[in-house]
Amino acid sequence: MSTTEAVLGLLRQKQKVSGEAMAKSLKVSRTAVWKAMNSLRELGYNIEGDPKGYHLVSAPDILHPYELNPLLKTKIFGKKIEHHITIGSTNERARELAEEGWPDGSFVVSEAQETGKGRLGRAWSSPPGGIWFSLILIPDMRPSQAPTLTLAGGTAVANALAENGFDARLKWPNDVLIGDKKVCGILTEMSGEMERIDYIVMGIGINANCKVEDLPKEYRAKATTLQEARGTPVDRKKILVDILEAFEELYGLSTEDMLIQWKERSFTLGKNVKVHTQKGDILGVAKDLDPTGALIIELPSGERQTIYSGDCEHLRNA
Ligand code: BTN
């Protein structure tokens, strides 16, 4: 733990604590305490000081490890966390860190992204107030099984949102909906060979405390935010921590069990769907998932077709 985090720990424990007492208890110099105080204030911690000591008045609403660590009960998810106020894309940064050898379950989180990436080369709008983060995963599975992990990521988000009182459902392959509107998207990128995964970067974007008007015009009709769904802002820290805990639990399961949990929260199965694939649109009824997480559709002819990737549209059931 850094001196800054340890100083914050002491400030959280006591009403008022002197610089000298902190230096003594942490076995560091008074200058080190003073520097830590400045770093905390820069992050937005409101710390009042008088000759008798320091007092923590309020903490900022940021997804910094200083705020997350005291809440996290996970063993591997969040062991290392990098936080940014703004960044291009957390997926890009997580990829750099994975190449540097950051371990399984570490992640990058940012309060906003300037060039957030969505699926299929689309841009992903990431204003302040959202939850934008990318996990580094080093799973022991074949690359062909990797899509089940994206489904597990969506399931973790939906389970955590349900725990926080939202009616969250999953749209194949990796959207989380509230009602019939998208609140979260997942972008999974893999590095490896045919037979081996080196690492996976799973970027998760949740429209939390932002307004639908902050999102690009073309998405507004089909999108929602947690703040809009509830009518008041949500506790982003709690939601992120709940997601990490839910995901760590799923991460330990077999792919079969991950898929069972996805199906329990599925909005897609049983629906009339139109899936936009590289080979054209496919219309039918979504029936099931295959063992790799691909969508099995029953065509109007009664024949079944397995779809491995595409954009799924839910149609009104006739
Ligand atoms: C989608 O198109 O639905 C996927 C959106 C994924 C967005 C997240 S936000 C955090 C991470 N960083 C990115 O640049 N993209 C993902």
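Order of listing sets the numbers, starting from 1, for every ligand and every atom in it. Only this structure's heavy atoms are used, side chains among them; waters, hydrogens and symmetry mates stay out.
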## Note on the structure
In short, salt bridge (charged side-chain N to carboxylate O under 4.0 Å, His left out) pairs touching residues 224-249 with sequence neighbours left out are D61-R236, E67-K237, E111-R236, K238-D242
For [atom], what's the nearest protein heavy-atom neighbour? Residue, atom name and distance, please.
atom	result
atom 8 (C) of ligand 1	G205 N, 3.7 Å
atom 2 (O) of ligand 1	R119 N, 2.7 Å
atom 10 (C) of ligand 1	T90 OG1, 3.3 Å
atom 5 (C) of ligand 1	W124 CE3, 3.4 Å

### Message
Counting only heavy atoms closer than 4.0 Å, does ligand 1 sit against the backbone of I204, its side chain, both, or neither?
### Response
backbone
### Summary
Closest to atom 3 (O) of ligand 1 (heavy atoms only, candidates K117, E189, Q113, K182) is K182
### Message
I'd like the name of whichever of D175, I186, I131 reaches closest to atom 4 (C) of ligand 1 through any heavy atom.
### Response
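Considering heavy atoms of D175, I186, I131, the nearest to atom 4 (C) of ligand 1 sits in I186.
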For [X], counting its heavy atoms only, list the atoms of ligand 1 lying under 4.0 Å from any of them.
X	result
G116	14 (O)
S134	11 (C), 12 (N)
F133	10 (C)

### Message
Tell me which one of F133, F77, F107 satisfies ring pair (Phe, Tyr, Trp, His ring centres under 6.0 Å) with F247.
### Response
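Testing F247 for a ring pair (Phe, Tyr, Trp, His ring centres under 6.0 Å) against F133, F77, F107 leaves exactly one candidate, F77.
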#### Entry: Cluster overlap L244 with L151, hydrophobic side-chain contacts below 4.5 Å
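Yes, L244 connects to L151 through the hydrophobic network.
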### Query
Is there a chain of hydrophobic side chains (I, L, V, M, F, W, Y, each step under 4.5 Å between heavy atoms) that links I81 to V201?
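Not linked; separate clusters.
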#### Entry: Partner of T150 by side-chain contact (heavy atoms from CB on, under 4.5 Å), out of T188, I204, I200, L187
T188
### Remaining members of the apolar cluster that contains W132, side-chain heavy atoms under 4.5 Å
W124
### Which atom of L295 lies closest to which atom of A286, heavy atoms considered
CD1-CB, 4.1 Å
